[in-house]
Amino acid sequence: MMVSHGLYWTLWTLSCFGQYFGQDLQIPDLPPLAEGQSLTFTPENPPSTWRQASWLYNADTTIITAASGAVVVNPDYEERVRFDPNTLALELWNLKLYDSGTYKLSVLTSPGVTITAETSLHVLERIYHVMLIGPEETLIEHESSANITSKGNGTITSVQWMKDNSPLSSSSRIIFSSDNRSVSISPVERSDTGEYQCTYSNPVSSETAKLTLIINYGPDGVSITGPDVVDSGVQVFLSCSANSEPSASFSWTFNGSDTGVTTDKYTIDKTDFNNSGEYICTAFNRFTNKREFKTHALFVQEGGDEGGLSAGAIAGIVIGVLVTVGGICGLIVYLTKTNTIPNISLQQKGEASRAQRGQEPDLHYEEITDSQKARENRINLEKINEAETYENVAYKNEYENLKHGVLNQPRTPEP
């Protein structure tokens with residue numbers, strides 16, 4: 001009889017609690033949700049049979065109670081909740097910030113036996129109306145400071161600063177407030193020019209505000225590009241540039257006199273010698289009230305195509321004259337060395353004397369033998385070769401001196 005009662009108790013226990021052994025009622029954790037969203041609390045391992053089920057908020061406020069097919073809803077939750085008797089799930093619509101808290105499911109499975117499960121909900125306000133407030137005055141490099149303050153609404157859990165889409169880091173000049181909602185830059189530099197972004201965020205939303213800072217600087221690094229030496233009669237361009245924000249204005253002076261040119265380019269349509277001198281470009285920034293200048297020297301020389309003879313032409317003429325003079329000199333030397341000139345003179349004098357005496361001309365020279373004539377011709381030919389060789393050497397030396405002297409001498413402009 002005792003065995004029968006023990007077996008009966010075991011079977012009754014299994015029928016009531018066996019399905020729960022090793023299977024706890026649970027509700028999965030939920031991520032943060034934004035105000036206005038909806039969600040469903042869906043329990044895991046719900047009992048197949050139950051007598052009563054209730055959902056509670058923060059353990060003391062009943063949202064809904066279901067028993068014997070009847071469902072009772074708290075008036076504060078009407079039209080915002082729905083209960084599923086098959087899964088014991090609770091739907092909650094149009095979340096409010098005050099819906100954040102603990103939610104608990106209590107299930108009466110049999111008289112005196114209740115199982116529970118709970119979870120928490122975090123409802124966040126969406127972020128909106130984020131803005132940045134920056135300096136309104138003109139910012140001058142190395143002179144001004146800039147303060148940027150952010151503002152926004154919603155549940156703010158993170159504040160991030162960027163500049164030109166890169167993280168903005170603190171430094172000796174860049175300092176963030178303790179709540180990271182403002183930044184101070186002092187003094188400003190030209191590298192601080194750019195777009196600043198501040199992003200407010202939370203797990204359910206984010207919003208970014210932007211602000212552009214412009215740092216005025218310069219002018220500095222003024223430079224002039226253009227030729228230093230030009231021929232006369234050509235067109236010349238001089239170009240002036242400078243580092244400046246905003247862009248600098250320019251003015252030009254020539255040899256201390258204002259030219260009236262106020263652009264970055266100076267043009268000389270056709271150069272002459274009067275254009276040689278000192279050109280000064282002055283850059284001016286009206287915001288920084290600073291100016292800087294650069295000097296450029298230009299020299300105009302005589303052009304090579306204005307009718308004057310070139311160095312090569314002059315050298316050719318001089319060489320030709322020297323060759324001609326040299327030829328004449330060579331001939332004179334030859335005649336002198338061969339005594340041709342004196343012999344002719346003496347012969348003419350002898351003939352004249354005999355004519356006066358009535359005598360016949362002395363024809364003694366016609367009686368010279370053929371061998372003597374051949375010998376004299378050979379001697380004369382050697383003397384001619386010797387004279388030509390001497391003159392050629394003289395001409396060659398004269399040409400070399402002329403080539404190196406005339407061609408290498410700088411030409412003097414014609415007056």
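No experiment lies behind these values; they were computed from the predicted model shown.
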Kindly say whether Asn45 contributes a backbone atom to a donor-acceptor pair with the side chain of Gln26 at under 3.5 angstrom?
no

Keeping Thr87 on the side-chain end and Pro43 on the backbone end, is there a donor-acceptor pair under 3.5 Å?
no

Those residues at least two apart in sequence (or on a different chain) that pass side chain to side chain donor-acceptor pair (under 3.5 Å) with Glu35 are none

Sequence-distant partners of Tyr103, ring pair (Phe, Tyr, Trp, His ring centres under 6.0 Å), two or more places apart:
Phe41, Tyr57

Between the main-chain N or O of Gly218 and the side-chain N or O of Ser244, is there a donor-acceptor pair closer than 3.5 Å?
no

Backbone N or O of Thr225 within a donor-acceptor pair of the Ser239 side chain at under 3.5 Å?
no

Using 30° and 60° as the class boundaries, would you call the ring planes of Phe83 and Trp50 parallel, tilted or perpendicular?
perpendicular

Is any side-chain heavy atom of Met162 less than 4.5 Å from a side-chain heavy atom of Leu168?
no

Minimum heavy-atom separation for Arg291 and Pro219, please, with both atom names.
CA-CG, 4.0 Å

May I ask you to decide if Ile215's main-chain N or O and Thr193's side chain share a donor-acceptor pair within less than 3.5 Å?
yes

Is the NZ atom of Lys163 crowded by more than 12 outside heavy atoms at less than 6.0 Å?
yes

Would you find a donor on one side and an acceptor on the other, under 3.5 Å apart, between the side chain of Thr271 and the backbone of Asp231?
yes

Please check if atom CD in Glu79 has more than 12 non-hydrogen atoms from other residues, nucleotides or ligands closer than 6.0 Å.
no

Within the distance-only criterion (no hydrogens, no angle test), does the side chain of Ser170 pair as donor or acceptor with the backbone N or O of Ile175 below 3.5 angstrom?
no

So, using salt bridge (Lys or Arg N to Asp or Glu O under 4.0 Å) as the criterion, who are the partners of Arg181 when residues are at least two apart?
none

Check side-chain contact (heavy atoms from CB on, under 4.5 Å) between Thr40 and all other residues, then give those that pass, not counting sequence neighbours.
Thr42, Ala89, Glu91

May I ask you to decide if Val300's main-chain N or O and Ser276's side chain share a donor-acceptor pair within less than 3.5 Å?
yes

Does Thr61 form a side chain to side chain contact (heavy atoms under 4.5 Å, CB included) with Asp76? I'd like the steps, not just the answer.
CA-CA 10 Å; Thr61 300; Asp76 294 336; 6.0 Å; no

Shortest non-hydrogen contact from Val204 to Pro32?
CG1-O, 3.4 Å

Going by the side chain to side chain contact (heavy atoms under 4.5 Å, CB included) test, name the single residue among Leu90, Thr62, Leu92 that passes it with Tyr77.
Leu92

Quick test of your reading of the model: are Glu245 and Arg190 salt-bridged, counting only N-O distances below 4.0 Å?
no

Hey, are the side chains of Pro47 and Leu88 touching, using non-hydrogen atoms and a 4.5 Å cut-off?
yes

How close do Thr199 and Ser206 get, counting heavy atoms only, and between which atoms?
CG2-CB, 4.4 Å

Evaluate the side chain to side chain donor-acceptor pair (under 3.5 Å) criterion for residues Ser106 and Ser54: first the C-alpha distance (whole Å), next the side-chain angles of each, then the deciding distance (0.1 Å), finally the verdict.
CA-CA 5 Å; Ser106 178; Ser54 300; 6.0 Å; no

Among Ser150, Ser184, Ser182, side-chain hydrogen bond (donor to acceptor under 3.5 Å, both in side chains) partner for Ser177
Ser182

Can you confirm whether Asp29 is buried at CG, in the sense that more than 12 heavy atoms of other residues, nucleotides or ligands lie under 6.0 Å from that atom?
no

Expected output: side-chain His296 to main-chain Pro227 donor-acceptor under 3.5 Å
yes

Given Phe254, Phe237, Trp252, Phe250, the one that forms ring pair (Phe, Tyr, Trp, His ring centres under 6.0 Å) with Tyr266
Trp252

Restricting to non-hydrogen atoms, name the atom on Asn58 and the atom on Gly101 that form the minimum distance, rounded to 0.1 Å.
OD1-CA, 3.5 Å

Would you be so kind as to tabulate the donor-acceptor pairs closer than 3.5 Å made by side chains of residues 277-284, with sequence neighbours excluded?
| from | atom 1 | to | atom 2 | distance (Å) |
| --- | --- | --- | --- | --- |
| Tyr279 | OH | Asn275 | O | 2.8 |

Do side-chain atoms of Asn74 reach the backbone of Ile64 as a donor and acceptor pair under 3.5 angstrom?
no

For Asn94 and Gly36, which heavy atoms make the closest approach, and how far apart are they?
OD1-CA, 3.7 Å

Assess whether side chain to side chain contact (heavy atoms under 4.5 Å, CB included) is satisfied between Glu292 and Lys290, documenting all intermediate values.
CA-CA 7 Å; Glu292 185 174 298; Lys290 296 178 180 179; over 6 Å; no

What pairs with Phe287 under side-chain contact (heavy atoms from CB on, under 4.5 Å), at least two apart in sequence or on another chain?
Thr138, Asn216, Pro246, Asn285

Leu124 and its side chain to side chain contact (heavy atoms under 4.5 Å, CB included) partner, picked from Thr155, Leu97, Leu33:
Thr155

Kindly give the heavy-atom pair with the smallest separation between Pro203 and Thr157, and that separation in Å.
CD-OG1, 3.9 Å

Below 4.0 angstrom, N of the basic side chain to O of the carboxylate: do Arg80 and Asp99 qualify?
yes

Determine whether more than 12 heavy atoms belonging to other residues, nucleotides or ligands lie under 6.0 Å from atom CZ of Arg286.
no

